[in-house]
Number of protein chains: 2
Amino acid sequence: MDHKLIDVAKRSGVSPATVSRVLNNSSLVTKKTTERVMKAVEELNYYPNAAAKHLRSQRTRTIGVIVQDINVAYFAEIIKGVQNTAYTLGYKVIICDADNNPEKERDYLGLLMNRTVDALILASSSLGDEVLIELADKGQCIGLIGRRIAHDNIPCCLTDNVQFSSDVVNHLLDNGHRHIAYINGYPDVMDSYERLEGYMKALKERMVPFRPELIENGNFSEEGGYEAFKRLILKGIPFTAVYAANDEMALGVSKACRELGIAIPHKMAIVGVDNNRITQYIIPSLSTVNQPKFQLGELLTIKLIGKLNDQPDDGERIMIVQSELVVRESSSRQAPD
Amino acid sequence: MDHKLIDVAKRSGVSPATVSRVLNNSSLVTKKTTERVMKAVEELNYYPNAAAKHLRSQRTRTIGVIVQDINVAYFAEIIKGVQNTAYTLGYKVIICDADNNPEKERDYLGLLMNRTVDALILASSSLGDEVLIELADKGQCIGLIGRRIAHDNIPCCLTDNVQFSSDVVNHLLDNGHRHIAYINGYPDVMDSYERLEGYMKALKERMVPFRPELIENGNFSEEGGYEAFKRLILKGIPFTAVYAANDEMALGVSKACRELGIAIPHKMAIVGVDNNRITQYIIPSLSTVNQPKFQLGELLTIKLIGKLNDQPDDGERIMIVQSELVVRESSSRQAPD
DNA sequence: CTGAAAGCGCTAACAC
DNA sequence: GTGTTAGCGCTTTCAG
């Protein structure tokens, strides 16, 4: 029932080598021979055995993507970018859902080591720098999304966290807000750090004093944003706007406001990050930042596949893509006096 | 840099066969030998070559899942169920995002044919019955989620569409609704058909006349639901409740009501299906049906891996899991008089 | 342009 | 318990 290459060879009266050449588009085969071989392939319903190909050729034309959580729209979009790009370049993609478990994430690195994939993309990886650098030093082909690392052989694709955060804060300042709280994500993550940086940068440029009391941590979760906002309120310091480092936390803030009877945007403006679909449906709709997630996956995939095929690498190792502020109801008004 | 099994054998002073036995937990190795081998594995930082294993053993311990669209929460949850289960049973998972493209879906079947995966799970597949039956007849191991097929070798995991749809309609009838519209999904899909069946069944049992004019099609999309609702209104037939075959369409109905100034739930009750996260955030929140998506993936995965290992198959080929009606604001009131 | 043949790295008979 | 060895199905030199 399962035919092999040699069966095709016999049926078409040529050698296995020729069949292989036809199947791999080597140009050095007559049209006539090609046709004969293809006919036999059809008739036998032949499929090349992937394992044998991989073993012999020492490559799989497959790249892996490890994401924290496949349920999160941010990652799902990145996957689309990777998958579509890889598909057009003739590569397959293995998607690995670490399911918020760093141990699983580490497990998946084995796919590289045992040559199941030719390259690996890590989106918002929780792995330590040492691990990644060690892999790269061993000659493994890896790339990062949403993270930067100091190693010549690791391409990184990032969004302009500082820039868009600064845009967000400038937008709020333009609307007359002078006391803007910032709710941070996981404290040790680059995204959090850079977004804070953009926040501070904008304040500084507009000469609005930075007040550390207006910074709280929300761990990127709705619950975390909710609690962080309540802590801010309890401090008794006046503020009229919140910049949350992602939409989940912004949703938490929105919920807290509703419970506390604080009108949005009249008494409190909110801006998040990610352009989560919910931000459009909730009332009031939430302002946010739209990151080109698809593009993050796309650019890195092109780069990595280029590396795999020893293409001359023109571009930058660190690729930064632009994001866009999306103003909705939650920050559409002037600050209260 | 890359060591092979034979290197480990040499270093530990045993034969390749023994190393293989140690690595694959064959019990017939002394503890002492095992330790020596493992030491060499450590020292050499040895990783077995997957392609060679696959080629030699004729299996990959990998199962594939093909989903229509990885962005859709319904599928993401199913994937979690498959992945977690496979993981604990020592299987890897390849996730394939067909990206709403039937051609890609068909492409992915090649993974089975070329032995990249041992089994394939198709969630809400758009493939024709013939294709699936042909695969199964060839001895390929496949399983379906959200679809039924007449073939002894294809296990299917489904939700109780008829049952929960009947529950939905009974709930609306209990609230005094007598004119309940139904918005269907893709007309040729089993889910649509069975949900319609449940709707009709409940009406019949409660002796409420079925009116075909109250049925419209919305293709499972928000836009489709929106348009379908408008068509229903234009007909001028009075109705006070809508059962939409999924939440996307229910969102469309909700939007249309807002635009037309129809108060929910006072003038119009709405119930959807899927327990999409947005249904909780929108105002008014939407009643829906919570399907055990994780379980769908879990059950089928257990079944398929069992088949791969020739375990005696006790259970049913067709596995049906129970769903639960979640009543929220959009259907929380008595029908208007 | 085509064929012969070696061998990718591993496992599973089969011996001992 | 452990070793020897054939061979999984393919690609790729090297000849011709």
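Below, chain A is the first sequence line, B the second, and so on; all start at residue 1. Predicted model only: the values in this text are computed from it and were never measured.
Between Lys307(B) and Asp118(B), none of the side-chain N atoms (NZ, or NE/NH1/NH2) sits under 4.0 Å from a carboxylate O, so this pair counts as no salt bridge. Classification of Arg147(A) and Asp129(A) as a salt-bridged pair holds, one side-chain N sitting under 4.0 Å from a carboxylate O. Under the 4.0 Å criterion applied to side-chain N and carboxylate O atoms, Asp2(B) and Lys138(A) are not assigned as salt-bridge partners. Taking the charged nitrogens against the carboxylate oxygens, Lys39(A) and Glu35(A) have no contact shorter than 4.0 Å, which rules out a salt bridge.
More than 12 heavy-atom neighbours from other residues, nucleotides or ligands sit within 6.0 angstrom of CZ on Phe294(A). The local environment of CD1 in Ile318(A) is crowded, with over 12 non-hydrogen atoms from other residues, nucleotides or ligands closer than 6.0 Å. Crowding of Arg317(A) atom CZ: a count of heavy atoms from other residues, nucleotides or ligands under 6.0 Å exceeding 12.
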Give each protein N/O atom lying under 3.5 Å from an N/O atom of nucleotides 14-16 of chain D, with the pair distance.
none

Distances under 3.5 Å between protein N/O atoms and the N/O atoms of nucleotides 8-10 of chain C, please, pair by pair.
| from | atom 1 | to | atom 2 | distance (Å) |
| --- | --- | --- | --- | --- |
| dC8(C) | O3' | Gln58(A) | NE2 | 3.1 |
| dG9(C) | OP2 | Lys4(B) | NZ | 2.6 |
| dC10(C) | OP1 | Tyr46(B) | OH | 2.4 |
| dC10(C) | OP1 | Asn49(B) | N | 3.0 |
| dC10(C) | OP2 | Leu5(B) | N | 2.4 |

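One can place CG of Leu23(A) at 12 Å from C1' of dG9(D), the figure rounded to the nearest angstrom. Atom CE of Met113(B) is separated from atom C1' of dG9(D) by 16 Å (rounded to the nearest Å). Rounded to whole Å, the distance from NZ on Lys31(B) to P on dT2(D) is 14 Å. For the pair Arg61(B) CZ and dT11(C) C1', the computed distance is 14 Å after rounding to whole Å. Counting to the nearest Å, the P atom of dC8(D) and the NE2 atom of His54(B) are 18 Å from each other.
In this structure, Thr18(B) does not reach the dG1(D) phosphate: none of its side-chain N or O atoms is under 4.0 Å from OP1 or OP2.
Cation-pi geometry between Lys4(A) and Tyr46(A) is not satisfied (NZ or CZ under 6.0 Å from the ring centre, within 45° of the ring normal).
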